Chemist: 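The structure under discussion is supplied below as structure tokens; questions concerning it will follow.
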Amino acid sequence: QVHLVESGGGSVQAGGSLRLSCAASGYTYGRNCVAWFRQAPGKQREGVAGIYTGPVDTTYYSETVKGRFTISQDNTGDTIYLQMNSLKPEDTAMYYCASSGAFTYGNFNPSTFEFWGQGTQVTVSS
């Protein structure tokens, strides 16, 4: 079992920044890949960034956030961050971190991520 807890959400004006954190615990092999997803009201859940938590840092991003968001991990791999810069009103959503035992570069298929956090709300005002 893997337990994920997100934090760091809040309200910010357009152009501002936020850093989300995902604290992970439990079965290490269940979190070889950790990704951030988001879901706005009335929209499908979409992936924004993913990272391989092994010794070789490998990250990937959706086109909508590439260049603005950065995913990273701490030394232990137990905390995954999402640094969000140049935020736009369309970034407003509930943000979730999710983990999978398998890493596939570019994978944002929610059904392949076994464990999910409870989410943290990000609101960007214009």
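Throughout, numbering of the chain's residues begins at 1 and tracks the sequence. Everything numeric in this text was worked out from a predicted model, so none of it was measured. Computed over heavy atoms, backbone and side chain alike; hydrogens, waters and symmetry mates excluded.
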Chemist: Please say yes or no: joined through hydrophobic side-chain contacts below 4.5 Å, possibly via intermediate residues, are W116 and V122 part of one cluster?
Modeler: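 In one cluster: no.
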Chemist: If I take atom OG from residue S125 and atom CD from residue Q13, how far apart are they, to the nearest 0.5 angstrom?
Modeler: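 S125 OG to Q13 CD: 5.0 Å, rounded to 0.5 Å.
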Chemist: Spell out, as yes or no, whether a donor-acceptor pair under 3.5 Å connects the side chain of S100 to the backbone of F113.
Modeler: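 No, S100 side chain to F113 backbone: no donor-acceptor pair under 3.5 Å.
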Chemist: With ring centroids as reference points, do Y60 and F108 lie under 6.0 angstrom apart?
Modeler: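 Yes, the ring centres sit under 6.0 Å apart.
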Chemist: Between atom CZ of R68 and atom OG of S17, what is the distance when rounded to the nearest 0.5 Å?
Modeler: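 With rounding to 0.5 Å, CZ (R68) is 10.5 Å from OG (S17).
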Chemist: Starting at OG of S99, measure out to CD1 of I51 and round the result to the nearest 0.5 Å.
Modeler: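 One finds 13.0 Å between OG of S99 and CD1 of I51.
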Chemist: Please give me the minimum heavy-atom distance between L4 and C22, naming the atom from each residue.
Modeler: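 Heavy atoms only, the tightest pair is CD2-SG, 3.9 Å.
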Chemist: Consider only side-chain N and O atoms of N32 and T53, and report whether a donor and an acceptor are under 3.5 Å apart.
Modeler: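 No, because no side-chain N or O of N32 sits under 3.5 Å from a partner of the opposite role on T53.
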Chemist: List, one per line, each side-chain donor-acceptor pair under 3.5 Å for residues 34-44, sequence neighbours excluded.
Modeler:
{"unit_1": "R38", "atom_1": "NE", "unit_2": "E46", "atom_2": "OE2", "d": "2.7"}
{"unit_1": "R38", "atom_1": "NH1", "unit_2": "D91", "atom_2": "OD1", "d": "2.8"}
{"unit_1": "R38", "atom_1": "NH1", "unit_2": "Y95", "atom_2": "OH", "d": "2.9"}
{"unit_1": "R38", "atom_1": "NH2", "unit_2": "E46", "atom_2": "OE2", "d": "3.1"}
{"unit_1": "Q39", "atom_1": "OE1", "unit_2": "R45", "atom_2": "NE", "d": "3.2"}
{"unit_1": "Q39", "atom_1": "OE1", "unit_2": "R45", "atom_2": "NH2", "d": "3.2"}
{"unit_1": "Q39", "atom_1": "NE2", "unit_2": "K43", "atom_2": "O", "d": "3.1"}

Chemist: State yes or no: do L18 and Y81 share one hydrophobic cluster built from I, L, V, M, F, W and Y residues joined by side-chain heavy-atom distances below 4.5 Å, directly or via other members?
Modeler: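 In one cluster with L18: Y81, no.
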Chemist: Could you state the interatomic distance from OG1 (T59) to CD1 (I80), rounded to the nearest 0.5 Å?
Modeler: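 One finds 11.5 Å between OG1 of T59 and CD1 of I80.
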Chemist: Take Q118 and Y96, measure what side chain to side chain contact (heavy atoms under 4.5 Å, CB included) needs, and give me the verdict at the end.
Modeler: CA-CA 7 Å; Q118 83 290 349; Y96 301 88; over 6 Å; no
Chemist: Are R19 and L82 packed together at the side-chain level, in the sense that at least one heavy-atom pair is separated by less than 4.5 angstrom?
Modeler: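 No - every pair of side-chain heavy atoms lies 4.5 Å or more apart.
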Chemist: Grab the two heavy atoms, one from E6 and one from G119, that are nearest each other, plus how far apart they are.
Modeler: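 Closest approach of E6 to G119: OE1-N, 2.9 Å.
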Chemist: Does any non-hydrogen side-chain atom of N107 lie less than 4.5 Å from one of T112?
Modeler: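 Sidechains of N107 and T112: in contact.
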Chemist: Tell me, do F69 and L87 make a side-chain contact under 4.5 Å, heavy atoms counted?
Modeler: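 The answer is yes, as the side chains (C-beta and beyond) meet within the 4.5 Å cut-off.
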Chemist: Say you draw a straight line from NE2 of H3 to CZ of R31; how long is it, rounded to the nearest 0.5 Å?
Modeler: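 Atom-to-atom, H3:NE2 and R31:CZ are 11.5 Å apart.
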Chemist: How about T70 and Y61: do any of their side-chain heavy atoms sit closer than 4.5 Å?
Modeler: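 Side-chain contact under 4.5 Å: yes.
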Chemist: Does the side chain to side chain contact (heavy atoms under 4.5 Å, CB included) test come out yes or no for V48 and S62, once each step is laid out?
Modeler: CA-CA 5 Å; V48 296; S62 70; 4.3 Å; yes
Chemist: Rounded to the nearest 0.5 Å, how far does CD of Q83 lie from OG of S72?
Modeler: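 Rounded to the nearest 0.5 Å, the OG-CD separation comes out at 8.0 Å.
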Chemist: For T92 and V124, indicate whether the former's side chain and the latter's backbone hold a donor-acceptor pair under 3.5 Å.
Modeler: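 Yes; judged by distance alone, with no hydrogens or angles, the pair exists.
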